[in-house]
Colleague: 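Please read through the structure below; I'll follow up with questions.
In what follows, chains carry the letters A, B, and so on, assigned in the order in which the sequence lines appear, proteins first and then strands, with residues in each chain numbered from 1. Reckoned from all heavy atoms, side chains included, excluding hydrogens, waters and symmetry mates.
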Amino acid sequence: GDQVEQSPSALSLHEGTDSALRCNFTTTMRSVQWFRQNSRGSLISLFYLASGTKENGRLKSAFDSKERRYSTLHIRDAQLEDSGTYFCAAEAAGYQNFYFGKGTSLTVIP
Amino acid sequence: EAGVTQSPRYAVLQEGQAVSFWCDPISGHDTLYWYQQPRDQGPQLLVYFRDEAVIDNSQLPSDRFSAVRPKGTNSTLKIQSAKQGDTATYLCASHRVGNTLYFGEGSRLIVV
């Protein structure tokens, strides 16, 4: 079965609004990484977290440090260039296999 | 620092033909992954290596797919007798334990 459940599967935002994406894990994970896939298909790393939170500009990510079974990606003041597909990938504890979610297709509209 | 390099970027095959994809990971990264990403889906692990050793190839269709990393650096993924269902982008990624996973640009395969 799927190790990573990502939601929502699709999202439309107006410019300037905020939103959050979430990944739930069926088991304890060692780390999580968030990616944006652009129109050319390139996977660009946004954040790598082994615990806690990280922030970069208008993006902020958190990884549940207690049970290590979910992560969130917050987008503040959405811009047109934020459009794309966002993936989370979780690394299982004790392994180095990264399990991917099915992605969130984000469209930012003027 | 150079990123993960993959080639070719594109391949178009007829069913039954073979193709090899090549990946050069970031220098010093001991772990290398091959993922398959069908259109509009997330990446799905095929195989991964630590140095030259295969750690997990349970998702590799072994009858037609093979992957090697003989010196623990570059890697080759080969598909023999391709099928239309193999149409996808093949992504290579590398990292050091406990650090960020980096992806190459991918090799887009179309089987007609």
Side-chain angles (χ1 to χ4, degrees), chain A residues 1-10 21-25 29-52 54 56 61 63 68 71 73 84-107, chain B residues 1 3-6 8-11 21 23 25-26 29-51 53-60 69 72 87-110:
Chain A
D2 292 342
Q3 305 280 348
V4 178
E5 295 177 357
Q6 189 169 349
S7 62
S9 58
L21 314 181
R22 183 177 175 108
C23 282
N24 291 327
F25 315 131
M29 295 295 183
R30 175 179 178 177
S31 68
V32 64
Q33 195 163 346
W34 286 89
F35 297 88
R36 179 171 59 230
Q37 190 162 43
N38 61 23
S39 58
R40 294 182 58 215
S42 298
L43 278 163
I44 309 301
S45 178
L46 301 174
F47 296 104
Y48 172 88
L49 299 101
S51 65
K54 287 188 178 179
N56 184 4
S61 183
F63 182 28
R68 313 179 74 79
S71 176
L73 176 68
T85 302
Y86 290 76
F87 291 98
C88 67
E91 182 184 16
Y95 302 92
Q96 290 185 47
N97 185 5
F98 284 86
Y99 296 97
F100 276 78
K102 294 185 177 180
T104 295
S105 177
L106 173 65
T107 303
Chain B
E1 177 179 77
V4 178
T5 305
Q6 291 187 244
R9 289 296 313 279
Y10 301 94
F21 299 119
C23 175
I26 293 173
H29 284 191
D30 57 356
T31 309
L32 183 149
Y33 304 79
W34 284 102
Y35 286 87
Q36 181 191 59
Q37 186 177 20
R39 188 175 179 83
D40 296 328
Q41 296 186 34
Q44 297 156 11
L45 181 72
L46 291 173
V47 59
Y48 77 100
F49 301 83
R50 183 174 306 131
D51 298 320
V54 173
I55 303 302
D56 185 354
N57 63 358
S58 60
Q59 303 304 311
L60 198 64
R69 193 186 184 200
T87 293
T89 298
Y90 292 84
L91 297 164
C92 178
S94 71
H95 82 140
R96 277 194 290 258
V97 175
N99 289 280
T100 302
L101 187 66
Y102 292 95
F103 278 85
E105 296 278 319
S107 295
R108 187 168 295 181
L109 173 66
I110 297 173

Colleague: Which distance, rounded to the nearest 0.5 Å, do you find between the CG of L101(B) and the CZ of F100(A)?
Modeller: 6.0 Å

Colleague: Please round to the nearest 0.5 Å and tell me the distance separating atom CD of Q41(B) and atom OG1 of T85(A).
Modeller: 12.5 Å

Colleague: When only pairs under 4.5 Å are counted, which of I55(B), V97(B), D56(B) shares the most heavy-atom pairs with chain A?
Modeller: V97(B)

Colleague: On a heavy-atom basis, which atom in G98(B) and which in R30(A) lie closest, and how many Å separate them?
Modeller: N-NH2, 4.5 Å

Colleague: Please identify which of these residues, Y35(B), Y102(B), Y33(B), meets the ring-ring contact (aromatic ring centres under 6.0 Å, His included) condition with F98(A).
Modeller: Y33(B)

Colleague: Decide if the gap between the ring center of F103(B) and the ring center of F35(A) is smaller than 6.0 angstrom.
Modeller: yes

Colleague: With a 4.5 angstrom heavy-atom cut-off, could you sort out which part of Q37(A) is near chain B: side chain, backbone, both or neither?
Modeller: side chain

Colleague: Decide if atom CD of Q59(B) counts as having more than 12 heavy atoms of other residues, nucleotides or ligands within a radius under 6.0 Å.
Modeller: no

Colleague: Just how far is it from atom CD of Q33(A) to atom CG of N99(B), taken to the nearest 0.5 Å?
Modeller: 9.5 Å

Colleague: Are H95(B) and Y48(A) near enough that their ring centres are under 6.0 Å apart?
Modeller: no

Colleague: I need the N97(A) CG to L45(B) CG distance, nearest 0.5 Å.
Modeller: 4.5 Å

Colleague: Examine whether an atom of T100(B) lies under 4.5 Å from a heavy atom of chain A, and if so say whether it belongs to the side chain, the backbone or both; otherwise answer neither.
Modeller: both

Colleague: Where on R9(B) is there a heavy atom nearer than 4.5 Å to chain A: the side chain, the backbone, both, or neither?
Modeller: side chain

Colleague: Is Q44(B) in contact with chain A via its backbone, its side chain, both, or neither, using a 4.5 Å heavy-atom distance?
Modeller: neither

Colleague: Can you name the closest pair of heavy atoms from G42(B) and F87(A) and give their distance?
Modeller: CA-CE2, 3.3 Å

Colleague: With only heavy atoms counted, which part of S31(A) is less than 4.5 Å from chain B, the side chain, the backbone, both or neither?
Modeller: neither

